[in-house]
Amino acid sequence: MKLKYISTYLLSSFLVASIALVSCSNDDDVVIDPTTKGDLRIEFDNVVGDRDLALNTGNYQNAAGEAFTVTTLNYYVSNIKLLQADGSSYTVPKDSSYFLIRESNVESQTVTLKNVPAGEYTGVQFIIGVDSLKSVSDISQRTGILDIGSGPTNDEAMYWDWNPGYIFLKLEGISPVATSANSKFYYHIGGFGGRTAKTINNLRTVKVDFAGKKASVTKDLSPEVHLLADVLKIFSGSTQLSIKANTGVMFTDYSQNIANNYVNMFTLDHIHAD
Amino acid sequence: MRINLKYGFLPRRSVYALLMVLFGLIVIGCKSENDTPDPETDTPKPVSWVKPSHFPEPVYDMSKNPLTAEGVELGRFLFYDGILSRTNDIGCGTCHQQSAAFTHHGHDLSHGVDDQLGTRNAPSVQNLAWSTSFFWDGGVHDLDFLPPSPIQNKVEMGETVSNVMVKLRNTPVKGAAFPVNYPKMFKAAFGSEEINTERMMKALSQFMLSMVSATSRYDYYVLGDATAITAQEKEGLVLFKQKCGSCHASELFTDFSFRNNGIAPNKIDDQGRYAITLDEADRLKFKVPSLRNVGLTSPYMHDGRYKALSEVLDHYANDQNSSKTDSIYVSPTLDTLLIPAGQKRGIRLTAQEKLSIIAFLKTLNDQQFITDKRFSDPGVGTVL
């Protein structure tokens with residue numbers, strides 16, 4: 001890893017220097033030409049505490065001491081904004097900023113942001129869910145990952161058609177303490193605030209500070225920000241969620257407690273320079 | 001034009017001519033401009049959607065989904081085709097039958113795939129261009145987003161929209177009783193054979209937007225034919241406006257609001273609008289339905305609990321069984337219009353007044369609408 005880092009770094013520096021005809025005057029810093037653009041990837045690595053999440057097979061325990069396995073974990077990430085140390089930021093164009101992370105689909109777990117202005121990014125901000133404006137947009141605006149009738153959104157039933165809106169986060173699993181007939185628990189969290197009447201709003205904005213680390217985007221460097229999403233945090237935080245007490249939570253006021261928990265589930269693990 | 005002559009309505013040539021223009025709801029356009037249609041052209045033929053002159057402006061923005069002859073026709077096939085259901089035998093038209101003004105005749109609750117029962121009475125599919133929301137609880141606000149609800153409801157069609165499109169792409173099916181080539185129809189309507197969510201929903205919307213009921217005897221009366229309704233019906237109209245018109249307002253005969261009309265919660269304790277908003281103030285509230293074609297859409301209320309209009313009026317009059325019985329279910333959200341100060345709850349109606357109101361309500365039956373071939377099953381439907 002380290003070797004690769006260095007070699008890529010050197011190669012990239014060389015390329016930047018040769019192509020842009022800018023001499024490399026500082027050996028410690030990546031040369032950033034803010035007029036150029038590059039890519040940045042964010043990997044959403046779902047974990048349970050210090051263990052990797054393994055669907056169906058992993059046996060875990062939540063803060064309430066309840067054993068569980070996970071059968072489904074999906075969530076929307078949207079409206080991504082990359083933050084810089086000086087307080088400035090880059091907002092990914094809205095229509096290129098909707099993603100559905102699915103534990104069952106490896107490709108979905110890496111989000112590629114293209115044409116990001118070169119710069120040193122020190123944090124990232126995003127919405128868990130689909131913002132209200134998009135949630136009320138007309139059918140022609142619901143394409144790709146927001147297509148309510150086909151693709152992952154329909155296949156994974158991430159849309160409530162009876163009370164239209166996307167399910168922002170879906171966690172399902174099995175637990176011996178679940179009170180359902182099949183021992184499954186269901187957390188389907190959505191609610192964008194309502195269209196004509198005010199309803200629950202479970203849109204939550206996540207901000208992850210890279211704590212001194214930087215993701216340097218240049219024309220040639222495409223860093224990858226590796227985030228961890230900890231399932232245990234869905235069960236703990238401002239509210240301790242008990243599978244036994246709340247085996248199914250969907251469109252109810254209680255769902256807000258779960259959204260307030262999972263807003264804190266994301267942390268930075270590391271950044272690959274390229 | 002088909003008019004219910006059994007009511008003794010005298011045809012008037014001039015009125016008819018006027019109505020032909022006013023109610024030419026779908027005039028397949030371009031005839032005058034393009035007398036010799038070019039069979040080579042792939043362009044869908046625009047349809048001019050004409051608002052009945054006494055109706056308000058429609059709510060649906062037709063500029064974002066302009067009606068075409070091919071789009072409406074595709075929507076009609078999709079509306080009736082059982083392919084929309086998991087079992088391939090339940091179409092929209094199964095529970096929305098034309099002869100019953102697109103409700104499920106004889107069914108308080110409808111049964112969908114595998115004979116599973118729903119929880120609410122199938123509402124009429126008519127004049128949806130004016131609807132500000134859909135379903136008894138108003139959960140859906142945009143007609144283009146309506147079809148996934150019945151298609152994906154486990155007890156209605158029990159299918160996924162995604163799989164419906166897979167099935168549509170695989171048509172025509174060899175050996176089918178009525179083979180339909182959907183890729184070809186999508187191409188005719190939208191320019192290419194691609195079948196996607198937007199196109200499917202827009203085609204269904206186009207057909208449903210075309211379903212306008214505005215040719216009842218009441219309409220002829222409103223538009224100037226004083227003989228179109230009888231003296232008793234006129235009396236009923238006056239009473240209706242006084243006693244019922246605050247909720248069943250406008251030419252659509254609804255104010256599109258959600259109200260608790262004092263019918264007791266049913267066994268499943270359906271809380272109506274509350275399920276959508278989670279607002280305590282919305283408990284037991286249901287959409288005020290349009291009363292157009294109400295004489296054809298029995299049974300009534302969100303769970304079809306009343307078979308006859310007389311039962312509905314008995315409920316509102318709060319004299320169902322005897323003057324001592326209170327049929328109004330009292331709860332915090334009960335509509336204040338049913339709580340007159342210093343009086344028994346309900347709307348005061350004499351037996352004679354009820355008869356007149358019912359007579360008037362039947363003038364809203366639109367025979368032309370329920371027999372119009374443009375809205376009929378093209379041969380793909382199933383009635384269960």
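In the text below, chain A, chain B and the rest are named by the order of the sequence lines, each starting its count at 1.
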What I'd like to find out is whether the side chain of [X] reaches to under 4.5 Å of the side chain of [Y], using heavy atoms alone.
{"X": "A:Asp155", "Y": "B:Ser162", "result": "yes"}
{"X": "B:Asn153", "Y": "A:Trp162", "result": "no"}
{"X": "B:Asp142", "Y": "A:Ile139", "result": "no"}

Does atom [atom1] of [X] have more than 12 heavy-atom neighbours, drawn from other residues, nucleotides or ligands, at distances under 6.0 Å?
{"X": "A:Lys207", "atom1": "NZ", "result": "no"}
{"X": "A:Lys81", "atom1": "NZ", "result": "no"}
{"X": "B:Lys167", "atom1": "NZ", "result": "yes"}
{"X": "A:Lys114", "atom1": "NZ", "result": "no"}

Residue among A:Thr143, A:Asn154, A:Thr199 with most heavy-atom pairs under 4.5 Å to chain B: A:Asn154
List the atom of [X], the atom of [Y], and the distance in Å for their closest heavy-atom pair.
{"X": "B:Gly139", "Y": "A:Pro164", "value": "O-CD, 3.0 Å"}
{"X": "B:Met165", "Y": "A:Ser150", "value": "CE-CB, 3.6 Å"}
{"X": "A:Ile148", "Y": "B:Thr197", "value": "CG1-CG2, 4.0 Å"}

Nearest-0.5 Å distance that lies between atom [atom1] in [X] and atom [atom2] in [Y]:
{"X": "B:Phe258", "Y": "A:Thr196", "atom1": "CZ", "atom2": "OG1", "result": "7.0 Å"}
{"X": "A:Ile200", "Y": "B:Asp279", "atom1": "CD1", "atom2": "CG", "result": "12.0 Å"}
{"X": "A:Asp147", "Y": "B:Glu198", "atom1": "CG", "atom2": "CD", "result": "9.5 Å"}

B:Arg273, part contacting chain A, at a heavy-atom distance under 4.5 Å: side chain
Option in B:Thr277, B:Asp144, B:Asp282, B:Ile276 with maximal non-hydrogen atom pairs under 4.5 Å from chain A: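 Result: the option with the highest number of such pairs is B:Ile276.
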